[in-house]
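One structure is given below, represented as structure tokens, and several questions about it will come after.
Please read all numbers here as calculations on a predicted model, not as lab measurements. The first residue of the sequence shown is numbered 1, and numbering continues consecutively from there.
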Amino acid sequence: MIVVDSNVLAYLYLPGVHTAATESLLQREPDWAAPILWRSEFRNILAGYMRRKVLTFEQANGIQREVESLLQGSEFEVDSNAVLELVRDSDCSAYDCEFVALAVKLDTILVTMDKKLLRAFPKRAIALPSV
């Protein structure tokens, strides 16, 4: 199992430069996890696409359901103390630290393209491997 951040989820469902790498990651490691926060972050990504008229409401809603299905049973609460400790020891947001806290809790890695997270947590966060 690996933890993926909201942007990695977006790369899978919203075609772009990282989509092929994300699809390859899913084939190699199909067991993905995320903190429950991913839902709000992902909905915000979809909101931006809707506002720019790249996606219709129906498309965005369908994508949200697909991602929820992918992560069914793999969404986790994270401990506030653990998140705040990570915030204290880095310059990352509490939102981002939720993903790291989950990776620690599950004793796995976080896959992300967030440069701050990659710098702050090099033993826990890895970049999305290129294809």
Side-chain angles (χ1 to χ4, degrees):
M1 178 177 286
I2 60 172
V3 174
V4 294
D5 71 10
S6 301
N7 287 318
V8 171
L9 292 167
Y11 300 149
L12 184 62
Y13 288 92
L14 302 165
V17 296
H18 298 297
T19 300
T22 308
E23 290 171 341
S24 178
L25 175 66
L26 184 61
Q27 286 181 335
R28 287 191 315 274
E29 179 56 65
D31 197 8
W32 288 12
I36 293 170
L37 170 70
W38 82 266
R39 287 177 177 246
S40 293
E41 289 191 340
F42 195 79
R43 285 189 291 256
N44 198 50
I45 292 167
L46 292 174
Y49 276 71
M50 288 179 1
R51 287 192 181 105
R52 290 188 305 278
K53 307 233 186 283
V54 176
L55 292 175
T56 65
F57 169 80
E58 291 76 16
Q59 290 170 319
N61 204 24
I63 292 169
Q64 181 71 33
R65 284 193 311 271
E66 284 185 49
V67 184
E68 288 174 7
S69 178
L70 174 71
L71 290 176
Q72 186 175 14
S74 297
E75 299 172 89
F76 298 90
E77 294 277 345
V78 291
D79 179 69
S80 294
N81 186 64
V83 172
L84 292 173
E85 285 177 351
L86 294 167
V87 169
R88 176 195 64 203
D89 298 338
S90 72
D91 63 345
C92 298
S93 72
Y95 301 114
D96 288 341
C97 286
E98 285 205 25
F99 292 88
V100 178
L102 180 58
V104 170
K105 176 180 178 175
L106 299 177
D107 193 25
T108 190
I109 57 166
L110 164 64
V111 178
T112 182
M113 291 299 282
D114 186 299
K115 290 180 183 5
K116 257 187 177 178
L117 283 172
L118 293 168
R119 273 192 311 273
F121 304 103
K123 293 180 180 170
R124 193 58 69 176
I126 67 162
L128 175 67
S130 53
V131 193

Checklist entry - With distance as the sole test, does Lys105 use its side chain to make a donor-acceptor pair with the main-chain N or O of Glu77 at under 3.5 Å? => result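 Yes: the side chain of Lys105 pairs with the backbone of Glu77.
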
Checklist entry - Is any side-chain heavy atom of Trp32 closer than 4.5 Å to a side-chain heavy atom of Leu70? => result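 Sidechains of Leu70 and Trp32: in contact.
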
Checklist entry - Has the side chain of Arg124 got a donor or acceptor atom that lies under 3.5 Å from a matching backbone atom of Thr108? => result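 Looks like yes, one N/O pair under 3.5 Å.
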
Item to check | Close side-chain approach of Thr112 to Leu128, heavy-atom, < 4.5 Å | outcome: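 A side-chain contact is absent here, since even the closest heavy-atom pair is not under 4.5 Å.
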
Checklist entry - Would you say the side chain of Asp31 lies within less than 4.5 Å of the side chain of Ser74, judging by non-hydrogen atoms? => result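 A side-chain contact under 4.5 Å exists here.
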
Checklist entry - CD of Glu41 to CG of Leu9: how many Å apart, nearest 0.5 Å? => result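 Rounded to the nearest 0.5 Å, the CD-CG separation comes out at 9.5 Å.
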
Item to check | hydrophobic_cluster_shared for Met1 and Val8, side chain cutoff 4.5 Å | outcome: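 Val8 clusters together with Met1.
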
Checklist entry - Do Arg52 and Tyr49 meet the cation-pi criteria used here (NZ or CZ under 6.0 Å from the six-membered ring centre, within 45° of the axis)? => result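 Checked: cation-pi criterion met.
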
Item to check | Non-hydrogen side-chain atoms of Asp114 and Asn7 separated by less than 4.5 Å | outcome: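 A side-chain contact is absent here, since even the closest heavy-atom pair is not under 4.5 Å.
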
Checklist entry - Rounded to the nearest 0.5 Å, what separation is found between the CD atom of Glu58 and the CD1 atom of Ile63? => result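 Going from CD on Glu58 over to CD1 on Ile63, the span is 11.5 Å.
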
Next on the checklist: Please find the pair of heavy atoms, one from Leu86 and one from Phe121, that lie closest to each other, and give the distance.
Outcome noted: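 Scanning both residues, the minimum pair turns out to be CD2-CE2, 3.5 Å.
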
Next on the checklist: Angle between ring planes, Tyr13 versus Phe42, binned at 30° and 60°: parallel, tilted or perpendicular?
Outcome noted: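 Ring orientation, 0 to 90° scale: perpendicular.
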
Checklist entry - Going from NZ on Lys115 to SG on Cys92, what distance comes out if it is rounded to the nearest 0.5 angstrom? => result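 It is 13.5 Å, given to the nearest 0.5 Å.
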
Next on the checklist: Any heavy-atom pair between the side chains of Phe99 and Leu37 that's under 4.5 Å?
Outcome noted: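 Counting from C-beta outward, Leu37 and Phe99 do come under 4.5 Å.
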
Next on the checklist: If you count every heavy atom of other residues, nucleotides or ligands that lies below 6.0 Å from Glu66 atom CD, does the total exceed 12?
Outcome noted: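 Result for CD/Glu66: enclosed.
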
Checklist entry - Does the side chain of Trp38 reach to within under 4.5 Å of the side chain of Ser6, using non-hydrogen atoms? => result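 The answer is yes; the side chains approach within 4.5 Å.
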
Next on the checklist: Tell me the closest heavy-atom pair linking Ala94 and Val83, and the distance in Å.
Outcome noted: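 In terms of heavy atoms, the two residues are closest at O-CG1, 3.6 Å.
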
Checklist entry - If you measure from CG on Leu26 to CD1 on Ile2, what distance do you get to the nearest 0.5 Å? => result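 So the gap between those two atoms works out to 8.5 Å.
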
Item to check | Interatomic distance, Leu25 atom CG to Glu23 atom CD [nearest 0.5 angstrom] | outcome: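 It comes to 11.0 Å.
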
Next on the checklist: Is there a continuous path of hydrophobic side-chain contacts, each under 4.5 Å between heavy atoms, that joins Val54 to Tyr11?
Outcome noted: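 Both belong to a single hydrophobic cluster.
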
Checklist entry - Are Leu106 and Leu117 connected, step by step, through hydrophobic side chains (Ile, Leu, Val, Met, Phe, Trp, Tyr) whose heavy atoms are closer than 4.5 Å? => result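 As far as the 4.5 Å side-chain criterion goes, Leu117 and Leu106 are connected within one cluster.
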
Checklist entry - Do the non-hydrogen side-chain atoms of Gln59 and Thr56 ever get within less than 4.5 Å of each other? => result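 A side-chain contact under 4.5 Å exists here.
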
Next on the checklist: Between Ile36 and Tyr95, is there shared hydrophobic-cluster membership here, with clusters defined by ILVMFWY side-chain heavy atoms closer than 4.5 Å?
Outcome noted: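 No.
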
Next on the checklist: I'd like to know if Leu118 and Val87 are part of one continuous hydrophobic network [Ile/Leu/Val/Met/Phe/Trp/Tyr, side-chain heavy atoms within less than 4.5 Å].
Outcome noted: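 No.
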
Checklist entry - Just how far is it from atom CE of Met113 to atom OG1 of Thr22, taken to the nearest 0.5 Å? => result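 Between atom CE of Met113 and atom OG1 of Thr22 there are 8.5 Å.
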
Checklist entry - Can Gln72 and Glu68 be counted as having a side-chain donor-acceptor contact under 3.5 angstrom? => result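 Result is no, nothing qualifies.
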
Checklist entry - Counting N and O atoms only, with roles assigned by atom type, does the side chain of Ser24 sit under 3.5 Å from a partner on the main chain of Ala20, one being a donor and the other an acceptor? => result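 Flag not set: sc Ser24 to bb Ala20 has no pair under 3.5 Å.
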
Next on the checklist: Show the nearest heavy-atom pair for residues Ser130 and Ala21, with the distance to one decimal.
Outcome noted: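 Reported closest heavy-atom pair: CA-CB, 4.2 Å.
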
Item to check | Minimum side-chain heavy-atom gap Asp96-Ser93 below 4.5 Å | outcome: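 A side-chain contact exists here, since the closest heavy-atom pair is under 4.5 Å.
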
Next on the checklist: If we count only N and O atoms by modelled type, under 3.5 Å, do the side chains of Ser69 and Arg65 hold a donor and an acceptor together?
Outcome noted: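 Judged by distance alone, the side chains do not pair up.
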
